[in-house]
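Worksheet: the structure to be examined is printed underneath.
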Amino acid sequence: MQSGGVQSFIRWDLQTDELAWQACDLGLGLAYHLFKGASGGRWEPTKVHVAHAAEGDLSIWHRTFRCPIEFNSPTNGFSCPTLSLETALPRANEVMAKHAYELLKIVEPSEIGKTYKEQVSRLLRLMIPRGKASLKEVSKHLEVKPRTLQRYLAREGCNFESLLEDEKMSYVFRILSNSSFSLGLISETLGYSSPSAFTRWFSKKTGMSPSAWRRNRAGVVQLLPPPTWRP
């Protein structure tokens, strides 16, 4: 959860390799009704964020969520008033809450049989939107030293820097498709000191500025493929 003063954001993404839209959509619906039910109907988001394009019949979305829905969002989740999160729960039980918290701390997706490349890529997809994607953080999560992780990745024919760049570009292409996100917000999320620093990085990688890519995508009838990647 991220708190920004009067508004807070509850991120609701599934920790899966595929990040399947159907599973995430179902999770959003369940979370919405879970929060509403637990608060006795007193919690209500100001907006639902969905990390894919609007497709097909949207009536089921509007029947499920009684608030505005933003598709093509950088991540799944809910925007809501910060004060609404301080609402006392009618059936709150402190003992059971502590027990549930301890159980959640030990629940981790199975990594058995997965390569280090797959594990690192999954973690990067989760960390990049939170601005916490780094070799140190990923190594800490995998419980190995950074140099050891680099050595494991080298054995699999890749390195951390290239995986980070690939996942970062995938995230940037998706978030740029949503015109409501400013370059300032995007650059801040990715850890750049300024929008101009982000623009220089993007231009070097794609051959065009973020603004030009966004205009091309919005201004032509046919959908443009992502710009050519230049490592």
Side-chain angles (χ1 to χ4, degrees), residues 2 9 11 13-21 24 47 49-55 69-77 115-139 141 146 149-231:
Q2 297 173 320
F9 181 74
R11 188 167 181 261
D13 278 334
L14 299 181
Q15 296 191 29
T16 65
D17 288 329
E18 299 299 329
L19 292 178
W21 288 0
C24 289
K47 185 178 292 186
H49 301 266
V50 184
H52 63 74
E55 295 183 352
I69 303 169
E70 180 181 88
F71 292 94
N72 277 328
S73 181
T75 186
N76 298 295
T115 64
Y116 275 95
K117 178 181 178 180
E118 292 171 330
Q119 295 180 61
V120 169
S121 295
R122 179 183 68 81
L123 289 171
L124 288 174
R125 287 195 293 271
L126 296 172
M127 292 177 174
I128 286 173
R130 291 179 284 176
K132 295 184 177 181
S134 68
L135 177 60
K136 179 180 179 181
E137 288 297 321
V138 172
S139 300
H141 189 92
L149 178 57
Q150 288 280 44
R151 188 164 62 250
Y152 289 159
L153 291 174
R155 292 175 183 172
E156 297 176 4
C158 61
N159 58 68
F160 181 83
E161 289 73 20
S162 64
L163 295 178
L164 175 59
E165 290 289 279
D166 288 345
E167 294 298 338
K168 191 160 64 171
M169 287 303 297
S170 296
Y171 173 76
V172 168
F173 287 143
R174 178 155 56 88
I175 197 173
L176 278 176
S177 300
N178 190 329
S179 59
S180 66
F181 289 90
S182 67
L183 295 185
L185 177 60
I186 298 173
S187 61
E188 181 181 350
T189 299
L190 294 175
Y192 287 96
S193 58
S194 65
S196 60
F198 165 66
T199 296
R200 286 194 297 271
W201 172 80
F202 187 90
S203 299
K204 179 181 178 181
K205 294 296 183 182
T206 66
M208 67 176 70
S209 69
S211 298
W213 187 87
R214 177 177 271 173
R215 286 195 300 270
N216 285 344
R217 184 176 178 85
V220 297
V221 177
Q222 67 274 22
L223 290 177
L224 292 177
T228 303
W229 171 261
R230 291 211 293 257

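The analysis underlying the following values was restricted to heavy atoms, covering all of them including side chains, and did not include hydrogens, waters or symmetry mates.
Contact of the K205 side chain with the V172 side chain is not registered, since no non-hydrogen atoms from C-beta on lie closer than 4.5 Å. Looking only at side-chain heavy atoms (C-beta outward), L163 and Y116 stay at 4.5 Å or farther from each other.
In this structure, T115 OG1 and R155 CZ are separated by 13.5 Å, a value rounded to the nearest 0.5 Å. H141 contributes atom NE2, which lies 4.5 Å from atom CG of L123 (distance to the nearest 0.5 angstrom). With rounding to the nearest 0.5 Å, the separation of CZ in F173 from CZ in R214 is 13.0 Å. For the atom pair CG of L135 and CG of L149, the computed distance is 6.0 Å after rounding to the nearest 0.5 Å. Distance check: L126 CG to S121 OG gives 11.0 Å after rounding to the nearest 0.5 Å. For the atom pair NE2 (H49) and CG (N76), the distance works out to 10.0 Å, reported to the nearest 0.5 Å.
Heavy atoms only, all atoms of each residue included: F160 and S134 are closest at CZ-C, 3.4 Å. Nearest heavy atom pair, residue A53 against residue N72, reads N-OD1, 3.4 Å. Among all heavy-atom pairs drawn from G184 and P195, the shortest one is CA-CG, 3.7 Å. Residue L153 comes nearest to V120 through the heavy atom pair CD2-CG2, 4.2 Å, listed as atom of the first residue, atom of the second, then distance. Here the closest non-hydrogen pair linking P146 and S139 is CA-OG, 3.3 Å.
Panel note: side chain R11, backbone G77; no donor-acceptor pair is recorded below 3.5 Å. With hydrogens and angles disregarded, a donor-acceptor distance shorter than 3.5 Å links the side chain of E156 to the backbone of K117.
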Checking side chain to side chain contact (heavy atoms under 4.5 Å, CB included) for the pair L124/Y171: CA distance, chi angles, key distance, verdict? CA-CA 10 Å; L124 288 174; Y171 173 76; over 6 Å; no

Check against side chain to side chain contact (heavy atoms under 4.5 Å, CB included), W201 and M169: CA-CA 10 Å; W201 172 80; M169 287 303 297; 2.9 Å; yes

Would S209 and S211 count as a side-chain hydrogen bond (donor to acceptor under 3.5 Å, both in side chains) here? Give the steps. CA-CA 5 Å; S209 69; S211 298; 4.9 Å; no

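Heavy-atom contacts from other residues, nucleotides or ligands closer than 6.0 Å to CD of Q150 number more than 12.
Classified by interplanar angle (parallel below 30°, tilted 30° to 60°, perpendicular above 60°), the ring pair W213/F202 is perpendicular.
Across Q119, E118, R125, a single residue satisfies side chain to side chain contact (heavy atoms under 4.5 Å, CB included) together with R122, and that is R125.
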